[in-house]
Amino acid sequence: MAYSQLAIVGGTVVNDDWSGPASVFVQGRRIARLAAATDPVPEGIPVIDASGRLVLPGGVDPHTHIQMSLGDYTTRDGYREATTAAVWGGTTTVVDFAIPRPGERPLDAVRQRQAAATEGVCDAALHACVVEWDDTVPEQLRQIAALGIRTVKLFTTYRDVVMADPATVVNVMRTLQELGGMAYVHAESNHLIEHDQQRAVERGQIDAAGHASSRSELAEVTAVREVLSAARSLGAPVYFVHQSTPAAIDEVRRARSEGVRAYTETCPHYLALDDQHYAGDSPELFVCCPPLRSPATVSDVVARALAGDVDTIGSDHCCYDRTQKWTDRSDVRVMPNGLPGVETRLPVIFTELVQRRGMPVERFVAITSANPARLNGIYPQKGVIAPGSDADLILIDPTERRTVSATDLHMATDYSPYEGRELAGWASTVIVGGTVVLDDGVFADNPLPGRALVSQPLP
Ligand code: URP
Ligand code: ZN
Ligand code: ZN
């Protein structure tokens, strides 16, 4: 329901730096003001009663792949399906990747993706992606920055698909420095992985059951070290996507303490799922890169998230379905990798870190909303409840728990890696740009199309 004005009263407002009882007043698409909970609501303003609920800035998911074609497979969702699922899960801003198809220029991939953002029910930001360096790339990156995109994905793995060589990584990082931009790096050492995969072939274990052993923690740490050296030498910022090992997170923390602007993202699956799934009936459904790690590693990553060493949590949402996952069962090098998760990101983190392990809700807001907004140049438009910010708000009843079933979710797939888990942290009401899009299980379409967000220069 779209209102020109709205008041959310009776709840506990949570930002990343404070929380407390307050009323939130919305005018049009934006937050107009916050007021003491005791202040009366002027007559005529529609009211949402948030008693007993937390009122949070909508989630900002810094890592979603929407309609991604990588290798032979394309994920099942477009902007409409992905953002609808995001909103059901309490996320009101997604950040997608413009990964160029073979022969496509990064600039053209960006233009095509930005146009698609209007199909969404919430706003979307974008990362560009560079695979190969040539003389045209600096000018393309300037034009991409002029379009409001300042983050660029680089893969150190997936040879012959999207892998960038080390010189490309350095050249892109250097060019981005002039543009207030930042590299977003998937860091896994490709030659170590290919070596381990060759050994797996020789053992006859190149299927999903052997996935974890053919993409080692050492491969991740090795690549993180190399990219950190480049960042240090250039004085450039760098963001590591989907870190899955304590040693890699520690490298980033150490570099940061020495003045390198380096940031760690991890994902719900590296905090809540482990490599025992590769010994199960359908290991393909859990194939992602980096792979799920041992229970001991998972608990070490959780400890670092609780200690404040993780800056953001991204879903790394990849909406493949079971048919796709099962097509190339015999070879993990060919089967599609990645897990669906844009809808379950907030509930998994709320349950695992806030409810089970006592993470403060302010910190939950930091890693799932405020920091992703900052590190994408869209703060304070997103990621905070403050006057002038977009009125993207979610209401969570912390006592409400639901058991995950893929049939109840809204992602364009037929499975969830969290099937059967009881989770809290579901948004009962979701307001997107001042419009109540989800209320007590009823989804009302957003009359305002999603926007392609413009990123400001990064610090
Ligand atoms: O397994 C994953 N993460 N697939 C998606 C592409 C990527 O590496 O982010
Ligand atoms: Zn990746
Ligand atoms: Zn990814």
Side-chain angles (χ1 to χ4, degrees), residues 61-77 82 86 91 94-101 109 113 124-131 151-164 169 183-190 193 197 208 211-212 214-216 219-220 223-224 227 238-245 248 263-271 273 275 277-278 283-293 312-321 324-325 328 331-342 345 372 375-376 411 413 415 417:
D61 191 336
H63 191 154
T64 60
H65 296 283
I66 303 177
Q67 208 161 53
M68 172 181 65
S69 293
L70 207 59
D72 294 341
Y73 292 92
T74 300
T75 57
R76 295 291 193 201
D77 52 3
T91 285
V94 294
V95 192
D96 182 26
F97 295 83
I99 300 176
R101 296 296 292 155
R113 291 269 145 179
L126 197 58
H127 309 291
C129 173
V130 172
V131 177
T151 47
V152 177
K153 179 82 177 276
L154 294 158
F155 294 87
T156 69
T157 186
Y158 306 142
R159 188 211 292 273
D160 296 334
V161 184
V162 286
M163 186 172 90
V169 172
Y184 269 50
V185 182
H186 173 146
E188 283 185 294
S189 167
N190 198 64
I193 290 167
Q197 286 182 333
H211 180 53
S214 66
R215 292 189 94 96
S216 64
E220 183 175 334
V224 167
V227 174
V238 61
Y239 176 108
F240 290 95
V241 298
H242 53 45
Q243 289 205 299
S244 70
T245 77
Y263 304 98
T264 284
E265 172 196 277
T266 191
C267 306
H269 39 284
Y270 301 122
L271 297 161
L273 301 173
D275 62 2
H277 288 284
Y278 299 128
E284 300 81 12
L285 302 185
F286 297 88
V287 165
C288 53
C289 302
L292 303 180
R293 303 297 190 188
T312 68
I313 309 247
S315 65
D316 198 2
H317 172 73
C318 295
C319 207
Y320 298 110
D321 63 18
Q324 292 176 305
K325 286 283 199 181
D328 281 301
D331 195 337
V332 78
R333 295 169 299 180
V334 194
M335 73 179 64
N337 52 54
L339 311 181
V342 72
R345 181 182 69 118
L375 294 170
N376 281 281
M411 296 181 282
T413 181
Y415 85 100

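In this text the structure is predicted, and so the values were computed from the model without any measurement. As the structure lists them, so they are numbered: ligands from 1, and atoms in each ligand from 1. Position 1 is the first residue of the sequence; numbering continues from there.
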- Message: Can you classify the ring geometry of H63 versus H65 as parallel (below 30°), tilted (30 to 60°) or perpendicular (above 60°)?
- Response: perpendicular

- Message: Is there a side-chain contact between P417 and H269 in this structure, where contact means two heavy atoms from C-beta onward sitting under 4.5 Å apart?
- Response: no

- Task: Determine which pairs satisfy salt bridge (Lys or Arg N to Asp or Glu O under 4.0 Å) with at least one residue from residues 331-340, sequence neighbours left out, and list them in order.
- Result: D331-R333

Quick check for students: name every N or O atom pair between ligand 1 and the protein closer than 3.5 Å, with distances.
| residue | atom | partner | partner atom | Å |
| --- | --- | --- | --- | --- |
| ligand 1 | 1 (O) | C289 | N | 2.7 |
| ligand 1 | 1 (O) | N337 | OD1 | 3.1 |
| ligand 1 | 1 (O) | G338 | N | 3.3 |
| ligand 1 | 3 (N) | C289 | O | 3.1 |
| ligand 1 | 3 (N) | D316 | OD2 | 2.6 |
| ligand 1 | 4 (N) | N337 | O | 3.2 |
| ligand 1 | 4 (N) | N337 | OD1 | 2.8 |
| ligand 1 | 8 (O) | Y158 | OH | 2.7 |
| ligand 1 | 8 (O) | H186 | ND1 | 3.0 |
| ligand 1 | 9 (O) | H65 | NE2 | 3.1 |
| ligand 1 | 9 (O) | D316 | OD1 | 3.4 |

- Task: Output, by chain and residue number, all protein N/O/S atoms separated from the Zn ion (ligand 3) by less than 2.8 Å.
- Result: H63 NE2, H65 NE2, D316 OD1

- Query: Which word best sums up how the rings of H127 and F97 line up, parallel for under 30°, tilted for 30 to 60°, or perpendicular for over 60°?
  - Reply: tilted

- Option from L375, T151, V185, N376 for which side-chain contact (heavy atoms from CB on, under 4.5 Å) with Y239 holds: L375

- Residues at least two apart in sequence or cross-chain that pass salt bridge (Lys or Arg N to Asp or Glu O under 4.0 Å) with R159, listed by chain then number, are E194

- Check the pair D321 / T413 against side-chain hydrogen bond (donor to acceptor under 3.5 Å, both in side chains), numbers first and verdict last. CA-CA 5 Å; D321 63 18; T413 181; 5.8 Å; no

- Item | Check against side chain to side chain contact (heavy atoms under 4.5 Å, CB included), E265 and Q243 | CA-CA 6 Å; E265 172 196 277; Q243 289 205 299; over 6 Å; no

- Message: If you apply the rule side chain to side chain contact (heavy atoms under 4.5 Å, CB included), what do you find for R215 with Q197, and how did you get there?
- Response: CA-CA 8 Å; R215 292 189 94 96; Q197 286 182 333; 3.9 Å; yes

